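Please read the structure below before turning to the comments.
Predicted model only: the values in this text are computed from it and were never measured.
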Amino acid sequence: MVTFEKIAGPKEGQPIQFVNGKFQIPDNPIIPFIEGDGTGRDIWRASQRVFDAAVHKVWGSKKKVCWFEVYAGEKAFNMFGEWLPADTTKAIDHFSVAIKGPLTTPVGGGIRSLNVTLRQVLDLYACVRPVRYFRGVPSPVKCPEKLNVVIYRENTEDVYAGIEFQEGTSDAKRLIEFIGKELGKTIRPDSGIGIKPISETGSKRIVRKALQYALDSGRKTVTMVHKGNIMKYTEGAFREWGYELAKQEFADSVITEDDLYSNYKGKLPDGKVVIRDRIADSMFQQVLLRPDEYDVLATPNLNGDYLSDACAAQVGGLGIAPGANISDRVGLFEATHGTAPKYADQDVINPGSVILSGVMMFDYIGWKDVGQAIIQGLERTIAQKRVTYDFHRLMEGATKLKTSEFAGAIIENM
């Protein structure tokens, strides 16, 4: 068993093994969790109750999750004087699957984003955000049920690996001068400078992940979203590398949009997936006006960031939006919203984001019946209009529940 420097190891359970490219899941898997800052404490307690109840509902005493707390954010800093102890990343890497609540990142200074750091240290290159509608959830659009997409957002480069130089600094001045003299490009001298790298490696592996998911799940299209009409050698290259990857590795099962109409008269053959691309600003219109025409989106980092939040807004907001950060061997599932510190310890916040991230996690380890039990409980509870304050204020005739009460209602309705 792995050993840690500052925390005690798990007292029970067995680690998930990754052998020959496949997970081997024991009946009592050890799954690390990070409680989260601010409202994370409330929503994690509620979510863990739901998870344990769903596992028991499906498996009885045959299986259980052995939760193992690891630390990041304010709780880690208060305990160890570090925002992200090495033990935490070591545990997530060793046990392969973990889940977390929201973590604090001060705006405009202070510590670096812990979420970004976790993704980069563990090379969790795919940010996966499924966005779907649950009947009864208040929505600002007429037909929210038409939106059902899974966004595969590249997680390690673009603006997440951006290099910046502050306006007026010697580094910024030197770079502006170099670009002017050596490359013949003019930049205003009072500019801040940013560099955003997008690589062939990063682009191809996120498109590969999206295509494989589409094939495995019976989805029909993968749409690459980019601004390649302007940023030709970064986002435009993302598009070209994506098409190359599809041709090189998925020639038997993936066709282009041009092929669909020129060779198949617009009718997709069984077992095939269409790969296509859309300009980013057009895509924002598409998810509002023609959402049911899209299945899986593959994006560079920033485009996926905007799109995933914009899509979530159509179906209830970030409070009910799940997410995961995945590599080829490690999956870290997380709340997609912030810490909302003014509501901390008040037992009022919607725990749906962590709960649905847990559904993703159970699906990931092959316990799909557990995820289905949770979905069933959540759908019934919302249909009964028993909801937390964020939905209650928008739903006529609803009953307002505390975070803990909402979890209890989901468990009753499984």
Legend entry - Residue list, side-chain contact (heavy atoms from CB on, under 4.5 Å) with Leu394, at least two apart or on another chain: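 Checked Leu394 against side-chain contact (heavy atoms from CB on, under 4.5 Å); matches are Pro138.
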
Taking atom [atom1] of [X] as the centre, report whether more than 12 heavy atoms of other residues, nucleotides or ligands fall under 6.0 Å from it.
X      : atom1 : result
Gln248 : CD    : yes
Lys400 : NZ    : no
Lys146 : NZ    : no
Glu293 : CD    : yes

Inset, instruction - Using the six-membered ring of Phe134, assess whether NZ or CZ of Arg132 lies under 6.0 Å from its centre and within 45 degrees of the ring axis. - result: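 Relative to the ring axis of Phe134, which defines the angle, Arg132 lies inside both limits.
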
Legend entry - NZ or CZ of Arg119 within 45° of Tyr160 ring axis and under 6.0 Å: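 Verdict for Tyr160: no cation-pi partner in Arg119.
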
Inset, instruction - Output, in order, the C-alpha distance, side-chain angles, deciding distance and verdict of salt bridge (Lys or Arg N to Asp or Glu O under 4.0 Å) for Asp305 and Arg153. - result: CA-CA 7 Å; Asp305 200 4; Arg153 166 192 173 203; 3.5 Å; yes

With rounding to the nearest 0.5 Å, note down the distance linking [atom1] in [X] to [atom2] in [Y].
X      : Y      : atom1 : atom2 : value
Ile355 : Met361 : CD1   : CE    : 12.0 Å
Leu124 : Ser327 : CG    : OG    : 5.5 Å
Thr156 : Tyr125 : OG1   : OH    : 10.0 Å
Lys57  : Ile374 : NZ    : CD1   : 13.0 Å
Lys220 : Leu268 : NZ    : CG    : 6.0 Å
Phe238 : Asn301 : CZ    : CG    : 10.5 Å

Test ring pair (Phe, Tyr, Trp, His ring centres under 6.0 Å) applied to [X] - qualifying residues, sequence neighbours left out:
X      : value
Phe95  : Phe68
Tyr306 : none
Phe250 : none

Legend entry - Asn303 and Glu235 side chains, donor-acceptor separation under 3.5 Å: yes

If only atom types and distance count, is the side chain of [X] paired as donor or acceptor with the main-chain N or O of [Y] below 3.5 Å?
X      : Y      : result
Ser139 : Gln314 : yes
Thr339 : Gly38  : no
Ser353 : Ile320 : no

Inset, instruction - Using a strict 4.0 Å threshold on nitrogen-to-oxygen distance, state whether Asp27 and Lys62 make a salt bridge. - result: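 Between Lys62 and Asp27 there is no salt bridge, as every charged N stays at least 4.0 Å from the carboxylate O atoms.
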
Legend entry - Ionic contact status for Glu177 with Lys173, cut-off 4.0 Å: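 Judged by the 4.0 Å cut-off on N to carboxylate O distance, Lys173 and Glu177 do not form a salt bridge.
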
Inset, instruction - Of all the heavy-atom pairs spanning Ala298 and Ala210, show the shortest one and how long it is. - result: CB-CB, 4.0 Å

Legend entry - Qualifying side-chain hydrogen bond (donor to acceptor under 3.5 Å, both in side chains) pairs with a residue from residues 274-283, counting only residues at least two apart or across chains: Thr223-Arg276, His226-Asp277, Lys227-Asp281, Arg239-Asp277, Tyr243-Asp277, Glu257-Arg278, Arg278-Tyr294

Inset, instruction - Measure up the Phe33 and Trp67 rings against each other and bin them: parallel (under 30°), tilted (30 to 60°), perpendicular (over 60°). - result: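 Phe33 vs Trp67 ring planes: perpendicular.
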
Inset, instruction - Just do the salt bridge (Lys or Arg N to Asp or Glu O under 4.0 Å) check on Arg135 and Glu379 with the steps written out, would you? - result: CA-CA 7 Å; Arg135 185 170 55 88; Glu379 287 179 329; over 6 Å; no

Just distance, no hydrogens or angles: give the donor-acceptor pairs under 3.5 Å from side chains in residues 404-414, sequence neighbours left out.
from	atom 1	to	atom 2	distance (Å)
Ser404	OG	Asp347	OD1	3.4
Ser404	OG	Asp347	OD2	2.7
Glu405	OE1	Lys402	N	2.8
Glu412	OE1	Arg386	NH2	3.4
Asn413	OD1	Gln384	NE2	3.1
Asn413	ND2	Thr381	OG1	2.9
Asn413	ND2	Gln384	OE1	3.0
Asn413	ND2	Ala409	O	3.2

Inset, instruction - Could you tell me whether Phe333 and Tyr364 have their ring centroids closer than 6.0 angstrom? - result: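 Judged by ring-centre distance (under 6.0 Å), Phe333 and Tyr364 do meet the cut-off.
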
Inset, instruction - Decide yes or no on salt bridge (Lys or Arg N to Asp or Glu O under 4.0 Å) for Arg129 and Glu334, but give the supporting numbers first. - result: CA-CA 10 Å; Arg129 294 277 298 273; Glu334 66 173 5; over 6 Å; no

